[in-house]
Amino acid sequence: SCKTPFAPPKWRPTGYKNQPQPKSHSIFPIPSLHHPITPTFASMTPSRILPDLQCSLLCEEVRQEINGSFMLIGVFHAVRVPEVPVTAPRLCLFNRWTAGYGQFLETIRLIAPDQMTVLRKHESKFSLQEVTQHAINVVMLGAVKFEIAGPYYVEVLVDDVMKIRY
């Protein structure tokens, strides 16, 4: 027979007779599953969870392949032009939402350098039926005219909650 270098435990899980059970010392009391104030699973099922914005990318074009994959072309980090005004023939915004549950309204705003003027606004509805799902929204803004020099901002909101401003 083979000897193990470890001593057997001094206690055994519930079900073994005549064995002492360990004492639990927790600074955070854990309620019993059968305690009358513990909510049942059915009452903890959410009716709506606001989703997380996993990414938001501004680019020149978004294409979807036959296999469903997306290709983003010309992702912007900054746009430098020799003079203004200038018109961008097309701007695309690629947003991926995840970890939410329910129906939502996505709002996209393109803000001028004065941080008050909204150059473009686009709203679209989407839904997530499971928290493990994701939703991809692609918005195309055509012929955007930039009148003055300075930083322009993109704001992404879901149900009037700002998720990102860049």
Side-chain angles (χ1 to χ4, degrees), residues 26-33 35-166:
S26 174
I27 58 172
F28 300 107
I30 300 172
S32 164
L33 292 177
H35 195 274
I37 63 167
T38 302
T40 62
F41 180 72
S43 68
M44 293 184 351
T45 303
S47 60
R48 193 162 177 277
I49 300 172
L50 208 59
D52 294 330
L53 181 60
Q54 196 170 39
C55 74
S56 179
L57 296 168
L58 186 66
C59 56
E60 293 178 32
E61 189 174 346
V62 177
R63 296 181 187 166
Q64 189 169 15
E65 297 294 312
I66 196 161
N67 66 0
S69 297
F70 288 93
M71 288 185 5
L72 281 65
I73 300 167
V75 176
F76 292 111
H77 62 90
V79 178
R80 302 199 190 287
V81 295
E83 62 183 3
V84 288
V86 66
T87 300
R90 173 181 32 206
L91 293 175
C92 292
L93 196 67
F94 178 92
N95 291 332
R96 180 178 161 138
W97 298 94
T98 188
Y101 182 77
Q103 295 183 350
F104 309 100
L105 178 67
E106 174 190 73
T107 304
I108 307 297
R109 294 191 295 226
L110 182 60
I111 309 293
D114 66 4
Q115 299 190 30
M116 300 290 288
T117 307
V118 177
L119 294 180
R120 292 290 176 89
K121 181 178 177 179
H122 183 271
E123 293 183 337
S124 56
K125 293 181 181 181
F126 70 99
S127 66
L128 294 167
Q129 302 304 318
E130 298 285 333
V131 292
T132 57
Q133 288 182 332
H134 66 272
I136 293 176
N137 296 339
V138 177
V139 175
M140 192 201 64
L141 305 171
V144 178
K145 190 170 186 179
F146 298 95
E147 297 282 347
I148 59 171
Y152 289 78
Y153 300 92
V154 174
E155 294 179 343
V156 181
L157 300 89
V158 61
D159 292 347
D160 295 324
V161 176
M162 176 95 58
K163 287 295 187 171
I164 193 168
R165 182 175 199 248
Y166 59 96

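Note that the numbering runs from 1 along the sequence shown for the chain.
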Counting C-beta onward and ignoring hydrogens, is there a side-chain heavy-atom pair between Val138 and Leu93 closer than 4.5 Å? no

For the OG atom of Ser124 and the CG atom of Asn137, what is their distance to the nearest 0.5 Å? 4.5 Å

Side-chain donor-acceptor pairs under 3.5 Å in residues 70-90, sequence neighbours left out?
none

Could you list the residues that satisfy side chain to side chain donor-acceptor pair (under 3.5 Å) with Thr107, not counting sequence neighbours? none

Applying salt bridge (Lys or Arg N to Asp or Glu O under 4.0 Å), which residue pairs with at least one partner in residues 116-142 are found, sequence neighbours left out? Lys121-Glu123

Please indicate whether Gln103 has more than 12 foreign heavy atoms, meaning atoms of other residues, nucleotides or ligands, lying under 6.0 Å from its CD. no

So do the side chains of Phe126 and Ile136 get within less than 4.5 Å of each other, counting heavy atoms only? no

Salt bridge (Lys or Arg N to Asp or Glu O under 4.0 Å): pairs with one or both residues in residues 133-144, sequence neighbours excluded: none

Correct closest heavy-atom pair for Phe104 and Leu50 would be CE2-CA, 4.0 Å

Between the OG1 atom in Thr117 and the CD1 atom in Ile111, the distance rounded to the nearest 0.5 Å is 8.5 Å

The criterion is side chain to side chain donor-acceptor pair (under 3.5 Å); which residues satisfy it with Asp160, sequence neighbours excluded? none

Heavy-atom check, side chain of Glu106 versus side chain of Val139, under 4.5 Å: yes

Considering only distance and modelled atom types, tabulate donor-acceptor pairs under 3.5 Å from the side chains of residues 140-158, sequence neighbours left out.
residue: Tyr152; atom: OH; partner: Ile148; partner atom: N; Å: 3.3
residue: Tyr152; atom: OH; partner: Ile148; partner atom: O; Å: 2.6
residue: Glu155; atom: OE1; partner: Arg109; partner atom: NE; Å: 2.8
residue: Glu155; atom: OE1; partner: Arg109; partner atom: NH2; Å: 2.8
residue: Glu155; atom: OE2; partner: Arg165; partner atom: NE; Å: 2.8

For Tyr101 and Gln129, the nearest pair of non-hydrogen atoms, with its separation, is CE1-O, 3.0 Å

Under the side chain to side chain donor-acceptor pair (under 3.5 Å) test, residues paired with His134 that sit two or more places apart: Arg96

Side chains of Thr98 and Asp52: donor-acceptor distance under 3.5 Å anywhere? no

Heavy-atom pair of closest approach, residues Ala99 and Ile49: O-CG2, 3.8 Å

Check side chain to side chain donor-acceptor pair (under 3.5 Å) between Glu61 and all other residues, then give those that pass, not counting sequence neighbours. Arg63

Can you tell me how far CD of Gln133 sits from CG of Leu128, rounded to the nearest 0.5 angstrom? 6.5 Å

